[in-house]
A.B. asks: 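Dropping a structure here in C-alpha cells format, bear with me for questions.
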Amino acid sequence: MAPPLPLPEPQMALYPLFRSPSNSVTPTTSSPPSPSRPGFSLQNDNSANTKKSKPNKLFRRFRSVFRSLPIIAPVPCKMPTMSVGSSTDNNHMHGGIRMTGTLFGFRRSRISLAIQQNPKCLPMLVLELAIPTAKLLQEMGSGLVRIALECDKKHPSEKVKLLDEPLWTMFCNGKKLGYGVKRDPSQDDLNVMQLLHAVSMGAGVLPTERSENENVTEGEMTYMRAHFERVTGSKDSETFYMMNPDGNSGPELSIFLVRI
C-alpha cells in the first residue's frame with residue numbers, strides 16, 4: 001500500500017496579511033482628511049459666485065451712484081409774478097409785485113410786520129414797529145394809515161440793500177413814534193407763519209403757548225394778513241401797499257421805506 005501524499009504547504013506570497021513577522025511590512029495608517037479642504041471648496045464656491053455676481057454688483061454700484069445725484073426742484077418762491085398793470089384789475093398797482101404781508105403781535109406789545117413772497121415761503125423781511133398792536137389796529141379802523149420808515153445813508157463804500165438796514169426812524173401819519181427794528185425771524189415768528197400758511201388774507205386771534213400770566217399782561221396774539229404790493233422807486237426807496245380786498249377804496253395801509 002502506497003503512503004499518502006503530503007499536503008501542499010500554503011503559499012505565503014498569496015496571503016500578505018499572514019506574512020511572518022520577519023517579512024511583514026508595517027502598514028501605513030491613512031491620514032484623516034485635511035480640515036482645510038472644506039474651506040478651500042467654499043473659497044472656490046465663493047469665487048465662482050463672485051464671478052457670477054459681477055453683473056449684479058455693477059448694477060448695484062450704478063444704482064447707488066444714480067441715487068446719490070442731487071434732485072433739483074423748482075423754487076416758486078424766487079419767481080414773483082410781475083404785474084403789467086391792467087385797467088380791469090383795480091386791486092393791483094402798476095409796476096408792483098404782489099406779496100403777502102402779515103401784521104401780528106400781542107395786543108399790548110409792539111406789532112411786527114412780516115413780508116413773504118407767498119404764504120408758504122419764509123419771511124424775506126421782519127420789522128418790529130414802534131407802535132402797539134391795538135393802537136395800530138385802532139388807527140386802521142378809523143381811516144388810512146401811512147407809516148414812514150427813514151434811515152440815514154451810509155458811506156458810498158458801504159453797499160447795503162435797503163431792506164437790510166437794521167434801524168429805522170418811524171413816523172405814523174406824520175407823528176414820530178420811535179424806531180423800527182429789522183430782525184431775523186425768531187422761532188415765534190416762524191410758528192405764526194406756519195399756523196397761517198394756508199391763509200391768504202384775513203384777521204383773527206392765534207393760539208399761543210405762553211403762560212397765563214404773560215397772556216394777561218400782553219393780551220391775545222392777533223394778526224391781520226393781506227396782499228401787499230411792493231413798488232420799488234429806487235435803490236433808496238420802496239413802498240408796500242396793503243390792498244383792500246374789494247379793491248375800491250385803495251390801500252388801507254402804506255409803508256414807505258426811505259434812505260435819506
Side-chain angles (χ1 to χ4, degrees), residues 83 89-116 119 123-151 162-163 165 167-183 188-189 192-193 195-196 199-208 210 214-233 237-260:
S83 171
D89 189 1
N90 295 326
N91 197 27
H92 195 82
M93 303 190 68
H94 178 74
I97 302 174
R98 176 165 292 184
M99 314 197 83
T100 299
T102 308
L103 294 163
F104 63 97
F106 291 94
R107 295 187 64 86
R108 297 182 181 88
S109 299
R110 296 172 56 162
I111 196 168
S112 297
L113 170 66
I115 300 294
Q116 302 166 272
M124 58 174 288
L125 175 65
V126 177
L127 287 174
E128 184 176 338
L129 305 178
I131 183 172
T133 303
K135 178 66 175 176
L136 180 60
L137 297 180
Q138 181 182 358
E139 292 286 341
M140 294 179 63
S142 60
L144 300 179
V145 177
R146 293 177 175 83
I147 295 176
L149 298 171
E150 298 180 355
C151 68
L162 183 65
L163 298 185
E165 292 287 351
L167 189 64
W168 303 82
T169 303
M170 178 177 169
F171 300 85
C172 182
N173 288 341
K175 298 180 181 179
K176 183 176 179 180
L177 298 181
Y179 295 93
V181 180
K182 176 189 179 298
R183 55 182 171 83
D188 292 337
D189 299 334
V192 172
M193 299 299 106
L195 290 173
L196 299 176
V199 179
S200 58
M201 61 179 62
V205 179
L206 294 175
T208 60
R210 295 203 171 197
E214 290 177 332
N215 287 335
V216 170
T217 304
E218 300 182 354
E220 299 174 323
M221 168 67 78
T222 60
Y223 76 92
M224 177 180 291
R225 168 166 284 185
H227 293 302
F228 277 69
E229 297 291 334
R230 178 186 179 184
V231 179
T232 301
S237 65
E238 288 194 22
T239 307
F240 291 92
Y241 298 98
M242 189 179 79
M243 308 306 297
N244 194 320
D246 56 23
N248 296 326
S249 58
E252 295 181 346
L253 173 66
S254 301
I255 302 176
F256 304 91
L257 294 90
V258 183
R259 185 159 47 192
I260 57 176

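All values derive from a computational prediction rather than experimental measurement. Along the sequence shown, residues are numbered consecutively beginning with 1.
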A.B. asks: Check each of T222, L253, T133 against L103 using the side-chain contact (heavy atoms from CB on, under 4.5 Å) test, and report the only one that passes.
C.D. replies: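 Among T222, L253, T133, the one meeting side-chain contact (heavy atoms from CB on, under 4.5 Å) with L103 is L253.
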A.B. asks: Side-chain contact test, heavy atoms from C-beta onward, threshold under 4.5 Å: evaluate it for T169 versus Y179 and give yes or no.
C.D. replies: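 Result yes, sub-4.5 Å side-chain heavy-atom pair found.
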A.B. asks: Would you indicate whether the side-chain heavy atoms of I147 and L136 approach each other to under 4.5 Å?
C.D. replies: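 Counting from C-beta outward, L136 and I147 do come under 4.5 Å.
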A.B. asks: Show your working on side-chain contact (heavy atoms from CB on, under 4.5 Å) between L177 and F171 and close with a plain yes or no.
C.D. replies: CA-CA 6 Å; L177 298 181; F171 300 85; over 6 Å; no
A.B. asks: Could you check C172 against V145 for side-chain contact (heavy atoms from CB on, under 4.5 Å), going step by step and ending with a plain yes or no?
C.D. replies: CA-CA 7 Å; C172 182; V145 177; 3.9 Å; yes
A.B. asks: If you define the side chain from C-beta out and look only at heavy atoms, does anything of V199 sit under 4.5 Å from P119?
C.D. replies: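 They are not in side-chain contact.
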A.B. asks: Take a 6.0 Å sphere around CZ of R146 and say whether it holds more than 12 heavy atoms from other residues, nucleotides or ligands.
C.D. replies: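 Counting neighbours around CZ of R146, 12 or fewer heavy atoms of other residues, nucleotides or ligands fall under 6.0 Å, so no.
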A.B. asks: Could you measure the distance from the CG atom of L163 to the CD atom of E238? Nearest 0.5 Å is fine.
C.D. replies: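 Between atom CG of L163 and atom CD of E238 there are 4.5 Å.
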A.B. asks: Does some side-chain heavy atom of L257 sit less than 4.5 Å from a side-chain heavy atom of F240?
C.D. replies: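 With C-beta onward as the side chain, the pair touches.
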A.B. asks: What distance do Q116 atom CD and T102 atom OG1 have between them, rounded to the nearest 0.5 Å?
C.D. replies: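 One gets 5.0 Å once the value is rounded to the nearest 0.5 Å.
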A.B. asks: When rounded to the nearest 0.5 angstrom, what is the spacing between SG in C151 and CZ in R259?
C.D. replies: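 Interatomic distance, C151 SG to R259 CZ, rounded to 0.5 Å: 6.0 Å.
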A.B. asks: State plainly whether the residues K182 and E165 are in salt-bridge range, i.e. N to O under 4.0 Å.
C.D. replies: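 No, K182 and E165 are not salt-bridged.
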A.B. asks: Can you tell me how far CE of M224 sits from CD1 of I111, rounded to the nearest 0.5 angstrom?
C.D. replies: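 CE of M224 is found 8.0 Å from CD1 of I111.
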A.B. asks: Where do L162 and W168 come nearest, in terms of heavy atoms and distance?
C.D. replies: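 What the structure gives for the nearest pair is O-CZ2, 3.2 Å.
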A.B. asks: Where the side chain of R225 meets the backbone of S200, is there a donor-acceptor pair that is under 3.5 Å apart?
C.D. replies: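 The answer is no, because no donor-acceptor pair under 3.5 Å joins these two groups.
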A.B. asks: Less than 4.5 Å apart, any side-chain heavy atom of L196 and any of Y223?
C.D. replies: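 Yes - at least one pair of side-chain heavy atoms lies under 4.5 Å apart.
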A.B. asks: For the residue pair S254 and Y241, what are the closest heavy atoms and their distance?
C.D. replies: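 Heavy atoms only, the tightest pair is OG-CD2, 3.4 Å.
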A.B. asks: CD1/I255 to OG1/T239 distance, rounded to the nearest 0.5 angstrom?
C.D. replies: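 Answer for the CD1-OG1 pair, I255 versus T239, is 10.0 Å.
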A.B. asks: Between H227 and M242, does the side-chain contact (heavy atoms from CB on, under 4.5 Å) criterion hold? Intermediate values first, please.
C.D. replies: CA-CA 6 Å; H227 293 302; M242 189 179 79; over 6 Å; no
A.B. asks: Looking only at heavy atoms, which two atoms of M193 and P123 are closest? And how far apart?
C.D. replies: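 The pair with the smallest heavy-atom distance is CG-CG, 3.8 Å.
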A.B. asks: Roughly how far apart are L125 CG and R183 CZ, rounded to 0.5 Å?
C.D. replies: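 Rounded to the nearest 0.5 Å, the CG-CZ separation comes to 10.5 Å.
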A.B. asks: Short question: side chain of R230, backbone of M99 - any donor-acceptor pair under 3.5 Å?
C.D. replies: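 Checked: no pair found.
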A.B. asks: How close do F104 and A114 get, heavy atom to heavy atom, and via which atoms?
C.D. replies: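 For F104 versus A114, the nearest heavy atoms are CE2-CB, 3.9 Å.
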